[in-house]
Amino acid sequence: MDISQQEIEQIVRRVLTGMDTKAPAPQAAAGVPRKPVDAPASAACADGVFDRVDDAVEAAWKAQQAWREFKIADRQRVIEAIRTCARSHVEEWCRKIVDETGMGRYEDKVEKHLATINQTPGPECLTTEAISGDAGLMIEEYAPFGVIAAITPTTNPTETIINNTISMISGGNTVVFNVHPRAKRVSADCLQALNRAMVAAGAPENLITMTREPTMENVDLLAANPKVRMMVGTGGMGMVNALLHSGKKCIGAGAGNPPVIVDATADVELAARKIYEGASFDNNILCFAEKEAFVEAPVYDSFLYCIQREGAYLLNEKQTQQLVDLCLKRKGSGYEVNKDWVGQDATRILAAIGVNQPASCRLAVCEVSAEHPFVTVEQMMPILPIVKVRDFDEAVACAVKAEHGNRHTSSIFSRDVMNMTRFGRVIETTIFVKNSATKAGVGIGGEGHCTMTIAGPTGEGITCARSFCRRRRCMLAEGGLRIV
Ligand code: NAD
């Protein structure tokens with residue numbers, strides 16, 4: 001084929017003008033899927049699940065190099081894909097959690113998942129702060145940390161993966177999870193499905209990774225890996241304390257033992273209804289669920305009557321002791337939980353001591369002293385100890401002691417604003433709920449966003465994308481860019 005010099009010049013011109021040399025931006029236009037990042041390449045990788053910790057970190061690190069360059073609109077699109085994917089798997093994952101961990105209630109897990117999926121904020125919460133003055137323009141923005149290692153609990157396995165993924169990815173980070181061994185199969189299913197959905201929405205591969213076999217040693221390897229920039233732990237205090245000693249920036253979401261006070265001015269029917277609802281939700285395995293109640297003497301009998309009317313079974317003294325022997329174990333001079341009974345249905349626990357109740361019974365209650373092990377141990381079972389207190393002073397003193405300084409969650413039923421204020425000031429918990437179930441404090445039946453990582457020990461509180469970002473300042477001096 002003969003082509004003239006003029007035609008050649010026209011073709012070259014067309015090619016050059018068609019190439020936007022200024023903007024081969026790494027970001028995909030909204031809605032346009034991107035080519036996956038050139039990641040990992042461990043033969044052992046399957047949608048983010050790796051055999052070796054260092055491979056999982058390396059893949060997440062490579063993914064982060066690409067992800068940090070994506071636009072906010074791309075992040076929004078990927079987060080929407082996470083939500084859509086998770087919604088379509090809620091029922092499957094909830095069934096699998098019950099099967100694998102043997103804990104909790106399917107229908108409550110569905111509610112918890114939907115709150116997590118719908119109410120965990122995305123990148124929209126990363127607002128820029130700007131100060132403009134004679135000396136110039138200052139902006140402060142939320143920047144990614146990089147690769148985050150996240151340790152997840154057995155009590156909210158996929159809820160925490162969904163919640164942490166939305167929050168951490170929104171901030172431009174990537175995540176290596178070390179999941180709880182007792183929930184590793186459903187956790188891997190969840191992580192792989194989310195990875196596939198993110199890639200289909202144009203994200204790089206391996207924004208979230210994990211090792212097939214999670215172990216305690218993995219946590220040490222993650223802490224030792226220089227490419228991991230932050231450690232986030234959701235679980236018991238042993239794990240949180242281990243992370244705090246990792247030498248890395250750490251966010252710790254540890255144990256609670258939430259006390260609830262019912263004072264003499266309370267709407268007792270409301271208190272009984274909400275405490276029954278909250279203390280039995282998912283069989284009480286939630287860190288923020290009501291674990292012990294302190295009820296002022298003038299309303300005590302009425303409260304006891306109302307909570308039984310809601311469906312609670314009132315244990316007698318002998319039955320209470322039988323449950324202590326069954327559900328707790330001696331540890332030194334104190335007690336610890338017998339894990340076989342954590343998160344079991346109240347009817348199953350009661351049946352084990354020969355008490356048969358209808359399936360509608362979700363909670364057992366017992367009358368005990370403030371020193372009773374059911375008060376002092378975070379038992380995570382649908383057994384609520386109720387302590388009769390003389391007055392409000394005693395209620396506050398007992399509640400503060402039972403909370404063990406975790407500063408996690410507490411609540412009060414009262415019509416006295418001064419009582420509410422006083423208790424709130426003294427107990428210093430991250431979540432303080434008035435006149436509702438404590439789950440309202442994470443947006444389940446209350447205002448505000450949802451999280452499954454309540455960071456009391458390190459102070460980030462109800463975590464969201466902001467919690468997993470670094471603050472960076474950009475200063476333009478000499479009045480530049482000011483238009484006034
Ligand atoms: P857990 O502490 O047994 O396990 C949590 C995770 O930490 C798991 O992945 C486990 O493998 C790992 N782990 C445990 N000990 C460790 C150690 N010494 N070093 C490194 N890793 C370690 O807790 P769990 O039974 O899964 O969850 C229940 C506990 O978590 C309760 O105390 C509950 O209050 C708390 N929790 C807190 C929050 C919160 O947001 N604050 C949320 C859920 C659960």
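In each ligand, atom 1 is the first atom listed, and ligand 1 is the first ligand listed.
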Please report the interatomic distance [atom1]([X]) to [atom2]([Y]), rounded to the nearest 0.5 Å.
{"X": "Lys434", "Y": "Ile412", "atom1": "NZ", "atom2": "CD1", "result": "9.0 Å"}
{"X": "Thr174", "Y": "Trp61", "atom1": "OG1", "atom2": "CH2", "result": "10.5 Å"}
{"X": "Lys62", "Y": "Lys227", "atom1": "NZ", "atom2": "NZ", "result": "7.5 Å"}

N/O of [X] under 3.5 Å from N/O of ligand 1, yes or no?
{"X": "Thr154", "value": "yes"}
{"X": "Glu378", "value": "yes"}
{"X": "Ile454", "value": "yes"}
{"X": "Gly236", "value": "yes"}
{"X": "Gly254", "value": "yes"}

Determine whether [X] and [Y] make a side-chain contact, defined as any pair of heavy atoms from C-beta on separated by less than 4.5 Å.
{"X": "Ile151", "Y": "Thr234", "value": "no"}
{"X": "Lys112", "Y": "Phe281", "value": "yes"}
{"X": "Leu363", "Y": "Ile307", "value": "yes"}
{"X": "Val110", "Y": "Glu107", "value": "no"}

So if I count the atoms of ligand 1 from 1 in the order they appear, which ones are less than 4.0 Å from some heavy atom of [X]?
{"X": "Gly256", "result": "34 (O)"}
{"X": "Pro181", "result": "11 (O)"}
{"X": "His408", "result": "39 (C), 41 (N)"}
{"X": "Val179", "result": "9 (O)"}
{"X": "Asn156", "result": "43 (C)"}
{"X": "Ala255", "result": "32 (O), 34 (O)"}
{"X": "Thr453", "result": "40 (O)"}

Distance to 0.1 Å, residue and atom name: give those for the protein heavy atom nearest to [atom].
{"atom": "atom 18 (N) of ligand 1", "answer": "Gly238 O, 4.0 Å"}
{"atom": "atom 36 (N) of ligand 1", "answer": "Cys287 CB, 3.7 Å"}
{"atom": "atom 9 (O) of ligand 1", "answer": "Thr152 O, 2.8 Å"}
{"atom": "atom 44 (C) of ligand 1", "answer": "Thr155 OG1, 3.6 Å"}

Margin query: Strictly below 4.0 Å, N to O, side chains only: are Glu140 and Arg471 in salt-bridge contact?
Written below: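 Salt bridge flag = yes for Arg471 with Glu140.
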
Notebook entry, point to check: Do any heavy atoms of Arg182 fall under 4.0 Å from ligand 1?
Noted result: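 Per 4.0 Å heavy-atom rule, Arg182 does not contact ligand 1.
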
Note to self: Checking side-chain polar atoms at under 3.5 Å, does Glu159 have a donor or acceptor matched by the opposite partner on Thr116?
What the structure shows: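 Side chains of Glu159 and Thr116: no pair found under 3.5 Å.
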
Notebook entry, point to check: Taking atom types as modelled and ignoring hydrogens, do the side chains of Thr128 and Glu141 form a donor-acceptor contact shorter than 3.5 angstrom?
Noted result: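 Side chains of Thr128 and Glu141: pair found under 3.5 Å.
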
Next item on the list: May I ask which of Met216, Met103, Glu159 has a heavy atom nearer to atom 16 (C) of ligand 1 than the others do?
Entry: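 The nearest heavy atom belongs to Met216.
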
Next item on the list: With atom 4 (O) of ligand 1 as the reference point, say which of His245, His180, Met239 has the nearest heavy atom.
Entry: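 Nearest heavy atom to atom 4 (O) of ligand 1 lies in His180.
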
Checklist line | Parallel, tilted or perpendicular: rings of His372 and Phe374 (30°, 60°) | finding: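 If you compare the ring of Phe374 with that of His372, the planes turn out tilted.
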
Next item on the list: Give a yes or no on whether the ring-centroid distance for Phe432 and Phe423 is below 6.0 angstrom.
Entry: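 Between Phe423 and Phe432, which both carry aromatic rings, the centre distance is below 6.0 Å.
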
